[in-house]
2 protein chains.
Amino acid sequence: MSGSASANNLVKLFGVNGTRRTPAVDGWNVRCASYPQTIAEPRLVPNRRKIFTEGEAADFFYQVVSGQVRTYTMLDDGRRQIDGFYLAGDIFGIEAGPLYRFSANSIGEVAVFAFRRSDLERLTNLNSELGKAILFSLVGSLARKQDHLLLLGRKSAKEKVAGFLLDMAQRAARATTSGMPLQRADIADYLGLSRETVSRVLSQLSRDGIIGAHAGR
Amino acid sequence: MSGSASANNLVKLFGVNGTRRTPAVDGWNVRCASYPQTIAEPRLVPNRRKIFTEGEAADFFYQVVSGQVRTYTMLDDGRRQIDGFYLAGDIFGIEAGPLYRFSANSIGEVAVFAFRRSDLERLTNLNSELGKAILFSLVGSLARKQDHLLLLGRKSAKEKVAGFLLDMAQRAARATTSGMPLQRADIADYLGLSRETVSRVLSQLSRDGIIGAHAGR
DNA sequence: CGCTCGCTTGAGGACTTTCAACTGCCGTGG
DNA sequence: CCACGGCAGTTGAAAGTCCTCAAGCGAGCG
């Protein structure tokens, strides 16, 4: 989605319908250090290519260097739930069990570091930057998921979309990510709505002058 | 809620409407070691008492020893979203920022260990049981939240309740927790439904013989 | 014994989805 | 070079799910 969100207006809109008592997490971005080749393998992923798929052996976990990644779960009847979007610095794909429990795709061209899962214990035991980064990232992901839960469980379509735009605008500002080619379907599956509803709400917000015109794709 | 869920029937029901491609996480319960008094302070929390509240300084994090804890977020218009239920061994209340972003309450009488947040870094740097337990617990929480997201975003009321009963039955079995006095309102706020809808669905499942009679409170 | 609280059930209504048609853009191929 | 097909998005109408409001029930407690 390419609409430029006006945070102020959205906050105003947001305030009408129910605000969190504590401000949403400000994200806990982890700086992207450079790692010795022996532990971090750099990889380049082309547009809309899978990084890993649900059910595969979870031998690696990843840190985003540039671009965006989305992780999602599918039901066997085709319904899809996007768990999250990951920007530069974010870590994803750490599993407790032997298999990935969800899939990950690139959105646009993406660069990542791949870490061997078997190194995880060793890495965290070191008093390393990476160990802290992992801990920090996990806690940040957890916080983000809590906001997401609130969004999905207790908010109207309009609040969902507004909250989403706000969140993404903030994160994008911090991560200095270039314009993101997010599709309606992605937003819908992130928010638990249908594409049509997302489209309607965006049109509505646009008509009300709350967000800038959202040019085509 | 006191209905005894018949897992088999629920799975059957579940299979009709959409199943995950990979089985739900089996939980990553962390054994409850005993810790030296210097790092872990044991606490006893009476029934339905707050453990911490959103917005307070997040000076401690906790591990459940016995009983159950629920964490939740409130909107200022009274809507509530329960993030999760924590059973024996689970760790909760770790924050990246200085404040708690949600509140925690006991359900029934609860015993916990309280850890100083300022010790966190030291604890994780050690090659300690606790460090691993924390990492493991965080990853487990994340997995659980993903299931929760799927539940909230892409499932019908019936699927939500069924999924919830299944999940709780499994966890309770593992944690050997005694019967849980969960109220309809708690279930509703966990699933993003109204109390009435939860009640209706439970009645329906009961009529269909899928769950045992759910005696009063 | 009466009150309160949690649960249940019904009826009507609001919000979101589903189905369907239409638009504009882009790449492909004649 | 232009026509065609496909894809993403938009919009409308009808249908469905879930919520809100409201009343009734039963158990526990003062």
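Letters A, B, ... mirror the listed sequences (proteins, then strands); counts begin at 1.
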For the side chain of [X], starting at C-beta, report the closest nucleotide among [options].
X	options	answer
Arg207(A)	dC7(C), dT18(C), dT11(D)	dT11(D)
Ser203(B)	dC19(D), dT9(C), dT16(C)	dT9(C)
Ala157(B)	dT17(C), dC18(D), dT8(C)	dC18(D)
Ser199(A)	dT17(C), dT11(D), dA8(D)	dT11(D)

Q. Which pair of non-hydrogen atoms, one from Tyr72(B) and one from Glu54(B), has the smallest distance, and what is that distance?
A.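 Residues Tyr72(B) and Glu54(B), closest heavy atoms: O-OE1, 4.4 Å.
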d([atom1], [X]; [atom2], [N]) in whole Å:
X	N	atom1	atom2	answer
Asp186(B)	dG6(C)	CG	P	10 Å
Asp77(B)	dT20(D)	CG	C1'	15 Å
Gln204(A)	dT10(D)	CD	P	13 Å
Lys155(A)	dT16(C)	NZ	P	14 Å
Leu205(A)	dT10(D)	CG	P	12 Å
Arg195(A)	dA8(D)	CZ	P	8 Å
Arg184(A)	dT16(C)	CZ	C1'	18 Å
Glu196(A)	dG16(D)	CD	P	17 Å

Q. Between the main-chain N or O of Leu202(B) and the side-chain N or O of Arg207(B), is there a donor-acceptor pair closer than 3.5 Å?
A.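 Here the side-chain-to-backbone pair does not exist.
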Q. Arg200(A) near the nucleic acid: base, sugar-phosphate alone, or nothing, with a heavy-atom cut-off under 4.0 Å?
A.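 Result for Arg200(A) = base.
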(Q) Please determine whether a side-chain nitrogen of the Lys or Arg among Arg101(A) and Asp83(A) lies less than 4.0 Å from a carboxylate oxygen of the Asp or Glu. (A)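 Between Asp83(A) and Arg101(A) there is no salt bridge, as every charged N stays at least 4.0 Å from the carboxylate O atoms.
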(Q) Cation-pi check for Tyr62(A) against Arg43(A): NZ or CZ below 6.0 Å from the six-membered ring centre and within 45 degrees of the axis, yes or no? (A)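 Here Arg43(A) fails the 6.0 Å and 45° test against Tyr62(A).
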(Q) Would you say Ser194(A) places a side-chain N or O within less than 4.0 Å of OP1 or OP2 belonging to dT16(C)? (A)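 Answer is no, no contact under 4.0 Å.
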Q) Looking at Thr197(A), does any N or O in its side chain come under 4.0 Å of the phosphate oxygens OP1/OP2 on dT16(C)? A)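 Checking Thr197(A) against dT16(C): no side-chain N or O falls below 4.0 Å of OP1 or OP2.
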Q) Do you know which of Arg70(B), Arg79(B), Arg80(B), Lys160(B) makes salt bridge (Lys or Arg N to Asp or Glu O under 4.0 Å) with Asp189(B)? A)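 The salt bridge (Lys or Arg N to Asp or Glu O under 4.0 Å) with Asp189(B) is passed solely by Arg80(B) among Arg70(B), Arg79(B), Arg80(B), Lys160(B).
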